[in-house]
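Here the structure is laid out as structure tokens; the discussion comes afterwards.
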Amino acid sequence: MKRLLSVLALCAALLLAVGPARAQSTLPEPGRNPGTSAEMWRDVRQGIRGYVSIPNKQAGVLVQSEGELWRNWRNGPVSSWGSWLLLGVIVVLAIFFALRGRIRVESGLSGRTIERFNALERGIHWLTATSFILLALTGLVVLYGRYVLLPVLGPSAFAGLAQFSKFVHNYIGIAFIVGLVLTFIVWVRWNLPDRCDLEWLKKGGGLFKKHTHPPSRKFNAGQKLLFWSVVVFGAALSVTGIMLLFPLYWADLQQMQTAQLVHAALALFMIAVIIAHIYIGTIGMEGAFDAMGTGRVDINWAIEHHDLWVEEMRQRRAARQQPAE
């Protein structure tokens, strides 16, 4: 027994002596042979992938350097330029309203109305509009809440609001996609370009001067630009949003970082566009809200802003009322 204990003690002493020696041999001495260690950490910093036995092979990347670039862009140009864009749109609209005032129906309201949009069209519009507004508000909380709301609400309340915003943003996005698809199906035939659009653009749609209403069909050039902006950029928002909703399913980590930047930048641009749209459809133009409110607009408003469309409706009504021979 004593011999066995002596042998075990000797082995332990040898292991203790060899262990530090091996550890010291793997570390370069200060000032000597730094190449191997420097190259190793350079590879790690550049995102070299190691071997892992778990299904998530991305875990083999110790340092994902693109993440810092994504963070700098998200918290830098995207956030700062986006805030200036939104503020700039609001200031420009305020100045425009101060100088131009509300665009009135020049011939006055007649009290007679014409159907502008039916119940289905209004339902599609409000589905898309309501879901977009909720997405915009919750997205702004996620992007700017840390800087604007956190100091006011405090950590606990802001954490609850941020989590709620995230859930709303994820699920309401499905409603927006449905509304976007229906919007395209129902209104694409009315939003194809024609010759009237050039004249409308030349006169600025009659927004800047009185008595300069250019001819227009059911949708004028400005509304067509809005339609295609919503469809094209909305589709891009939907695709990037789905990529982010299902992480690492259709895209790797770097592609998701790019998708998030594109998603945020397009969303800020679309919010600016919709702010201008809301202004025109409410306080900016008399009688405009009725189109999506009740579905019927004053006939004088329709003649001033969509005269060719009114004439088409009159011809169709006359054709229906004409007795068959």
Side-chain angles (χ1 to χ4, degrees), residues 72-106 125-126 128-153 158 161-162 165 169 176 197 200-214 219-234 236-237 260-293 301 304-305:
N72 290 335
W73 271 93
R74 179 189 183 276
N75 297 336
V78 172
S79 296
S80 58
W81 295 353
S83 61
W84 283 111
L85 173 64
L86 298 182
L87 179 62
V89 168
I90 294 173
V91 170
V92 168
L93 291 176
I95 295 174
F96 179 78
F97 183 77
L99 297 177
R100 179 69 167 87
R102 194 178 196 195
I103 301 174
R104 300 287 182 178
V105 178
E106 295 176 3
H125 171 270
W126 287 116
T128 311
T130 304
S131 58
F132 179 84
I133 290 173
L134 290 174
L135 289 171
L137 293 175
T138 53
L140 291 175
V141 169
V142 173
L143 187 60
Y144 295 111
R146 176 183 175 187
Y147 310 104
V148 179
L149 298 178
L150 178 59
V152 178
L153 300 178
F158 173 70
L161 176 62
S165 298
H169 200 86
F176 174 75
D197 298 334
W200 191 94
L201 292 172
K202 287 180 181 179
K203 295 184 177 181
L207 298 176
F208 302 97
K209 290 183 179 181
K210 296 181 179 180
H211 312 293
T212 57
H213 297 292
F219 290 107
N220 57 45
Q223 292 168 324
K224 291 178 181 179
L225 289 174
L226 174 66
F227 172 85
W228 288 110
S229 297
V230 170
V231 168
V232 173
F233 294 125
L237 284 174
Q260 194 279 332
L261 293 177
V262 172
H263 189 82
L266 289 179
L268 290 167
F269 174 77
M270 281 301 301
I271 292 172
V273 171
I274 297 303
I275 288 175
H277 172 61
I278 293 174
Y279 165 80
I280 290 294
T282 54
I283 64 173
M285 180 179 292
E286 181 183 20
F289 183 79
D290 294 337
M292 282 301 173
W301 180 93
E304 288 185 9
H305 297 285

Nearest 0.5 Å, what's the [atom1]-[atom2] distance between [X] and [Y]?
| X | Y | atom1 | atom2 | result |
| --- | --- | --- | --- | --- |
| Phe176 | Ile133 | CZ | CD1 | 11.5 Å |
| Phe96 | Ile103 | CZ | CD1 | 5.0 Å |
| Trp81 | Leu86 | CH2 | CG | 15.0 Å |
| Leu268 | Trp84 | CG | CH2 | 14.5 Å |
| Glu286 | Arg102 | CD | CZ | 5.5 Å |

_Using only atom types and a distance under 3.5 Å, with no angle test, would you say the side chain of Thr138 pairs donor to acceptor with the backbone of Leu135?_
yes
*Side chain Trp301, main chain Val105, donor-acceptor under 3.5 Å*: no
I want to check something: taking the side chain as every heavy atom from C-beta on, are [X] and [Y] in contact at a cut-off of under 4.5 Å?
| X | Y | answer |
| --- | --- | --- |
| Asn220 | His305 | no |
| Val142 | His169 | no |
| Leu226 | Ile274 | yes |
| Val152 | Val148 | no |
| Val92 | Tyr279 | no |
| Leu237 | His263 | yes |
| Gln223 | His277 | no |
| Leu140 | Ile271 | yes |

Restricting to non-hydrogen atoms, name the atom on [X] and the atom on [Y] that form the minimum distance, rounded to 0.1 Å.
| X | Y | result |
| --- | --- | --- |
| Phe289 | Thr282 | CD1-CG2, 4.4 Å |
| Phe158 | Leu149 | CD1-CB, 3.9 Å |
| His213 | Glu106 | NE2-OE2, 3.4 Å |
| Pro214 | Lys203 | CB-CD, 4.0 Å |
| Val78 | Ala264 | CG1-CB, 3.9 Å |
| Arg74 | Ser79 | O-OG, 2.5 Å |

_Quick check on Arg146: does its CZ atom have over 12 non-hydrogen neighbours (other residues, nucleotides or ligands) under 6.0 Å away?_
no
*asked:* Looking only at the aromatic ring of each residue, does the gap between the centers of Phe219 and Phe227 stay below 6.0 angstrom?
replied: no
